[in-house]
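Below is one structure, written out as structure tokens; comments come after it.
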Amino acid sequence: MPEQPATTRPGELSLRQDVVNVILSRGELRREEIQRVWELDDETYFALKSALDTERLLEGMPGVGGFRARIARRPLPPDEPGSVDGLFRTTWELQAVERLAGLLSHKALEDLLGDLVYTLRRVRMKATGEDRRGTKRELAAALLIARGIDLFRDRDVRQEVASRAHAESPRRWTPGKDAAIAFVHAAGFPRELAGIPADDSPQDFEYLEGRVELPPLQPFQLEVQAGLMKQLAQPSGRCIVTLPTGAGKTRTAVDTLRDFLTAHWNETGDGSAVVWLAHTEELCEQAYQCFRQVWQSSVNVAPLLLFRFWGRYTQDLVRHRDTIETMAARCAVFVSTPQRVLNLMDNRVEHGFETLQKLQRACVVLVVDEAHRAGAASYRRIIDAFASARAEVRVVGLTATPFRAEYDARDPDAGTRSLRALFGTIVEPLRTLGEDARAALQDKGFLARPAWETIRTRTHLRAPPLPSDRLTEDDVEKVDHTLRIRADNPDRRMTVLEAVAPLCANPGHRIIYFGPSVLDAECMAFLLRSRGIAAAFVSGGTRDVTRRRLITEFREGALQVLCNCEVLTTGFDAPRVTHVVMARPTVSQVLYEQMVGRGLRGPGFGGTASCVIVDLEDNYRSDRPVLGYQAFRELWTRGRRLRAGARGEIPADPPASKRE
């Protein structure tokens, strides 16, 4: 046997054994992943590869490097296509499975399923002790669950079906359109698989005036509004606004900006712009809709140009030049991702720099959503560019977690201090909610009370060796990546399944599942469906219109479990969540809070009084992160005491008798 490429301590797995175990659990690992997880240089990797080349259970991956588990070619199942009892709720889904199983070969179905074939086979072996290939009906069912109503969006599926059914495949798949309808009809599939037509493309911008009515802000939101307005009244003022997840930061900020822009409009008659930055398109759309609703619910407000400035929207700056010019004469809000603004700064689009200059001249407020990210170089570059172009521009941050880089043992407050240096002032509802806003909002019924339950697994989540005193954000991502790869295995998945399935016996339970990988979330949805539980999964590749439909079904109770991998951490609002399953391991406090926060909307905001957070306890874990920013408040309050002390309002430090 070739010499092991690394030494081991007594009782530990060798590098070779460890890598083999992970590959057999997950199905495959590419060279890039192996080198990243085990921190191998090229020489060590090739020594390991030489050893793994002799493993009978593995085979190489030509083109990308790495290894995949060798799937034993068991005899095919009997011709009887197997049972799919409990997997589907609708007749069209059952009809689609029958047609797929009857039309496609066993090998074609396996090829179309890809990695999911191996994953499901390992799960089947774990559950039954039987290692067998799935029947055609089982494979067809898995394929339909994986692709859902967008089955034929997958070009490989479409071409395989077209070839077998002697139907002409559309060159371009446009869901819900005539060509798609004609194809599914010719191939003998239900009409539903033509897909959901895309919504009419939203406008790049809108001109809004008030019409309808929204519920009034709550007292704690009014306090934050007053504090934010005070900061906006100061040219070049900076602040960070914080409320716990689910407490309405966006609505409060937008209401305040409405009043600020209207006052500015009434006083000067000049145009002014707000630039609102959010790092995902979901968050951008959420903010856009909030501005839209607030303006439509208001009377006697300044007329507003509201721009979608992300993704495919407002790309043709030449066509929109005249509209952008009107910012000099009316109020405007640009909701954008940082990347779109950076593209303007780097003049990567036609008339990009010209548009940037107009935006800088008009901008009076720059808002950074999820402001714990504001310390990143891209955000700082944008902030500096706008502040240097117009000295009086205000900079406002919004976040439930006003801290960052909380992993430095030598100086765990360094990241939070950098945020304080950037924003200067924290705006929070101290008068109405006191020092512990989360607890007060739970008492008032606006936030749900979290209750923790633990699933104990036997999975060994070994983290890579890292500095003991300081972790950078790159280090944290490295730890999380390694933990996710090790957590993605059938033994752990089955342990979670046996704990989650009984929760679904209560039809009133609504469960969000955060998995360690897209494949895991996909597999968990399939396993839950096999138990007769209405489950679905969403990923970054899910069409927007399909994702909205699934989220709507989840909100309305047609789906009981929604499985995902990080997609639903932000920009997602389903108030009546009763359980959040944290199968995605993380050492990031911010990410942990974002995931947990999906279930913390209370009855005062249409949610639940309590939410169960189902944590997984593997044989590696860090302490459960503390929700909220209480551990970091001292840095913010210390700055507030020092400023107030300088004004003679309160002592700069608490009396000695009050100190711990």
Side-chain angles (χ1 to χ4, degrees), residues 8-9 11-29 33-34 36-39 57-58 67-69 115-116 118-129 131 452-466 476-503 511-528 537 563-566 579-588 591-592 595-596 613-625:
T8 61
R9 298 174 187 168
E12 287 188 353
L13 293 174
S14 69
L15 171 62
R16 172 177 171 169
Q17 291 168 327
D18 195 26
V19 174
V20 169
N21 286 348
V22 175
I23 293 173
L24 293 178
S25 292
R26 300 186 78 244
E28 68 177 41
L29 280 177
E33 293 175 314
I34 293 172
R36 181 178 180 186
V37 170
W38 283 272
E39 295 191 304
L57 296 177
L58 303 181
F67 291 85
R68 63 166 55 95
D115 291 344
L116 195 56
Y118 180 82
T119 302
L120 292 175
R121 185 163 165 179
R122 286 297 303 271
V123 167
R124 187 187 302 116
M125 186 168 62
K126 174 71 178 174
T128 67
D131 182 18
W452 274 270
E453 292 182 359
T454 301
I455 300 173
R456 290 180 173 83
T457 79
R458 295 181 297 278
T459 300
H460 185 63
L461 299 186
R462 188 167 15 164
L466 291 167
V476 171
E477 171 53 32
K478 185 187 299 182
V479 172
D480 270 16
H481 180 77
T482 299
L483 296 180
R484 291 200 306 271
I485 281 181
R486 292 181 178 276
D488 187 3
N489 70 76
D491 290 347
R492 186 177 189 265
R493 196 173 294 120
M494 291 301 294
T495 300
V496 177
L497 175 68
E498 296 304 327
V500 172
L503 299 177
I511 302 168
I512 295 179
Y513 174 89
F514 287 101
S517 70
V518 172
L519 189 63
D520 175 88
E522 189 176 17
C523 191
M524 184 58 70
F526 178 87
L527 293 171
L528 289 166
F537 95 101
C563 303
N564 81 109
C565 173
E566 291 192 40
H579 295 73
V580 178
V581 180
M582 308 284 282
R584 191 260 198 237
T586 181
V587 296
S588 167
L591 178 58
Y592 185 89
M595 290 190 289
V596 168
I613 312 302
V614 183
D615 252 337
L616 268 65
E617 185 172 313
D618 303 289
N619 64 359
Y620 167 88
R621 64 162 300 153
S622 59
D623 292 336
R624 178 185 296 129

Nearest non-hydrogen partners of Gly515 and Cys565, listed with the distance: O-SG, 3.5 Å
Heavy-atom closest pair, residues Arg456 and Thr495: O-CG2, 3.8 Å
Heavy-atom side-chain contact between Ile485 and Arg26 under 4.5 Å: yes
Distance (rounded to the nearest 0.5 Å) between Thr459 OG1 and Asn489 CG: 4.5 Å
Electrostatic pair Arg493-Asp520, nearest N-O below 4.0 angstrom: yes
Separation of Thr454 OG1 from Glu617 CD (nearest 0.5 Å): 6.0 Å
Test log, rule side chain to side chain contact (heavy atoms under 4.5 Å, CB included), inputs Ser25 and Asp488: CA-CA 7 Å; Ser25 292; Asp488 187 3; over 6 Å; no
Donor-acceptor pair, side chain of Asp615 and main chain of Ile455, under 3.5 angstrom: no
Sub-4.5 Å side-chain heavy-atom contact between Cys523 and Leu527: yes
Presence of salt bridge, Glu33 and Arg484, under 4.0 angstrom: no
Leu528 side chain reached by Tyr513 side chain, heavy atoms, under 4.5 Å: no
Shortest non-hydrogen contact from Val596 toward Val580: O-CG2, 4.3 Å
Closest approach of Pro516 to Ala583 (non-hydrogen atoms, all atoms of both residues): CD-O, 3.6 Å
pair Leu616-Met582: side-chain heavy atoms closer than 4.5 Å: no
Side chains of Val518 and Phe537 in contact at under 4.5 Å (non-hydrogen atoms): yes
Shortest non-hydrogen contact from Ile613 toward Tyr592: CG2-OH, 4.3 Å
Minimum side-chain heavy-atom gap Gln17-Val20 below 4.5 Å: no
Donor-acceptor pair, side chain of Arg122 and main chain of Leu24, under 3.5 angstrom: yes
Glu28/Asp115 under side chain to side chain contact (heavy atoms under 4.5 Å, CB included): CA gap, chis, key distance, verdict: CA-CA 8 Å; Glu28 68 177 41; Asp115 291 344; 3.4 Å; yes
Derivation and outcome, side chain to side chain contact (heavy atoms under 4.5 Å, CB included), residues Trp38 and Leu29: CA-CA 12 Å; Trp38 283 272; Leu29 280 177; 3.8 Å; yes
Side-chain heavy-atom pair Met595, Thr586 within 4.5 angstrom cut-off: yes
Under 3.5 Å donor-acceptor, Arg492 side chain and Arg486 backbone: no
Carboxylate-amine/guanidinium contact Asp480 Arg584, below 4.0 Å: yes
Thr482 and Leu461: CA distance, side-chain angles, deciding distance, side chain to side chain contact (heavy atoms under 4.5 Å, CB included) verdict: CA-CA 8 Å; Thr482 299; Leu461 299 186; over 6 Å; no
Non-hydrogen side-chain atoms of Asn564 and Ile512 separated by less than 4.5 Å: yes
CG on Asp18 to CD1 on Ile34, rounded to 0.5 Å: 11.0 Å
